[in-house]
Every structure is written in structure tokens, then in C-alpha cells.
Amino acid sequence: MALRVTTWNINSVRLRQDLVLRVLRELDPDVLCLQEIKVETELFPHDPYEAAGYGHRAVFGQKGYHGVAILSKLPFERGDSPNWCEKGDCRHLAVRLDGIELHNFYVPSGGDVPDPAVNEKFAHKLSFVDEMETWFGANRTPSDRMILVGDLNIAPLEHDVWSHRQLLDVVSHTPIEVEKLTRLQRRTDWVDAVRHFVPADQKLYSWWSYRARDWRLSNRGRRLDHIWVTPPLKDALRTQSILTDARGWERGSDHVPVTVDLAV
DNA sequence: ATGGTTGGGGTCCAA
């Protein structure tokens, strides 16, 4: 069975409802994982997605900030989420569909100053990634069939950013974050499903700042959005795609959809 | 070294 999974930080699901529907039409994923929906669970607009054929949905949202959702053509069972960092933030959804456990994450951005001693947001980000590593290490094994997607807010590889040297002190690409993300990856043998198809020496971005005068011209991007799979699904990987054009859509998100196709 | 933009909720915080 073909399974297409897309992840997208939508930066307000209500403001960009038409763009979500456009992605569903143009990419036609079986499952769309959203981050930063910025709406309470109870106020999530279900009807347009029901009408678009996405009859199975999980929503974990809060007022104003964060929030994650999963829209699916396939039925699933909702799994539990730990209370990450005991913050009560809506940053994670887990579902089980077709024998696969799918995790949708929105990792804290981490603020501006890359020092956990003076920046509580950066400390939170580091703790969050540590907790992810600990949780998967304690509760799951590499032999479990799992997919992990989301805005991890870390660009781990040299060519996941426009300038490795210039971003070494910029939150999202600092050595301590990259080390923690890599440790999380290794603990459960996660395979980077996008880099599985794209060599590490090739630039790859999923986010461009709103602050650039011309995001396409300056092209100072970062790859913050990821899709990982555990080893049992590695041979099922078929292709990847990053919908860069979506960054240029009118009133678009600063992130673009990242997609992986599997044959499961 | 600095500023640049966006969204949500409300006259500022997070990204």
C-alpha cells in the first residue's frame, strides 16, 4: 500500500485554511501533520477537511500558541502524549494507523540567545529534545514501526542551512542542539527519510524567514521540518518532496510542506 | 552590529 505523509508548520490554521486545502488537493497526502495551528482544540475547523476527504482527525490545540493536528484519509487510533517538560504545551500527537505509530512534534523554537543559563526558552528546547530521547529510549525500540514528523526547529546538517559558519551561533544550528538531536536520532536508529534521497552535500531548506526582503533571491533557508522513520520502514521509503513554491503563495507560512512516500 | 516580518490577542509576546 502506498502511504504519503506530509508535514507542515502552518502558522495559524484558521488564517491559512485555503492553503491547507490547496496542499490537500495538490499533494493529495494520505496523512497531513500540522504544527502551530494556533487554535484551541474545540475551535478547530473540521468541516472543510471532512468535505475534502480527510475523515479522520486528531487535534491538540491551545489558544494563541503552538498546537498540532493530524488530518488523515485512513482511520487511526489516538495514542497518548507525555506532558513534555511538564509545561502543558500542545506540541505532540501520536496516532497508530495501519500498524504504524506516527508522531507529530512541534519542538520549542528556543528564543534568540543560544545560552540555556540566560535564556529559559533555549533551556526548554534542550530539555524537550532530551526528553524525547529519553522517552523513545525507554518506551520504544528501533524494531517498532514508527514515523516521526514535525517542526523540530533544528537544522542538523551543514547543508541544512544557507551558511554553516554564520549560523553556528544562531539558535536552530548550534552545536549543542545538533548534538542533542543527533543523540535522539541514534537512540532509536531513526532514519532521516528526506536525506535518505538527497546527498548531504546538497542544500535543502524547509523554512525561510519572513524578514527577508526577497526570500527566493537571498535564499537564506534552513531545514527545520523533518520526517524520520525507524529501520523496519527504511526499505519502504520511495521518494521525498519539498514544496518550495508554497513559500511564495500569497500570505503563506514561513515553512513549506515536506512529504515522504512509502510503500508499506 | 542591527533590523528586518508575521500571527494572535489585545496595546506586547513568540517566532
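Chain letters run A, B, ... following the sequence lines, proteins first, then strands; residues in each count from 1.
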- Distance between the P atoms of dG9(B) and dG3(B), in whole angstroms? 28 Å
Figure out the [atom1]/[atom2] separation between [X] and [N], and round it to whole Å.
{"X": "L19(A)", "N": "dG7(B)", "atom1": "CG", "atom2": "P", "value": "11 Å"}
{"X": "R213(A)", "N": "dT6(B)", "atom1": "CZ", "atom2": "P", "value": "13 Å"}
{"X": "R14(A)", "N": "dG9(B)", "atom1": "CZ", "atom2": "C1'", "value": "10 Å"}
{"X": "R16(A)", "N": "dG8(B)", "atom1": "CZ", "atom2": "C1'", "value": "12 Å"}
{"X": "D112(A)", "N": "dA1(B)", "atom1": "CG", "atom2": "P", "value": "16 Å"}

- Numerically ordered, the residues 171-178 of chain A set in heavy-atom contact under 4.0 Å with DNA chain B is none
- Task: Output yes when at least one side-chain N/O atom of K121(A) is less than 4.0 Å from OP1 or OP2 of dA14(B), else no.
- Result: yes
- Item | N/O (side chain, R251(A)) to phosphate O (OP1/OP2, dG7(B)) under 4.0 Å | yes
- Message: Between R16(A) and G252(A) (side chain of the first, backbone of the second, donor and acceptor by atom type, cut-off under 3.5 Å), is there such a pair?
- Response: yes
- Are the aromatic ring centres of F105(A) and W228(A) under 6.0 angstrom apart? no
- Kindly say whether the aromatic ring centers of W215(A) and Y210(A) come within a distance under 6.0 Å. no
- Task: With heavy atoms under 4.0 Å as the rule, sort H255(A) into base, sugar-phosphate or nothing.
- Result: nothing
- Counting any heavy atom closer than 4.0 Å, what does R220(A) reach on the DNA or RNA strands: base, sugar-phosphate only, or nothing? nothing
Is [X] salt-bridged to [Y], cutoff N-O under 4.0 Å?
{"X": "D28(A)", "Y": "R4(A)", "value": "no"}
{"X": "D89(A)", "Y": "R91(A)", "value": "yes"}
{"X": "R223(A)", "Y": "D160(A)", "value": "yes"}

- Query: Parallel, tilted or perpendicular: which describes the rings of H66(A) and Y106(A), with under 30° parallel and over 60° perpendicular?
  - Reply: tilted
- Ranking K63(A) and N153(A) by the position along DNA chain B of their nearest nucleotide, the one closer to 5' is K63(A)
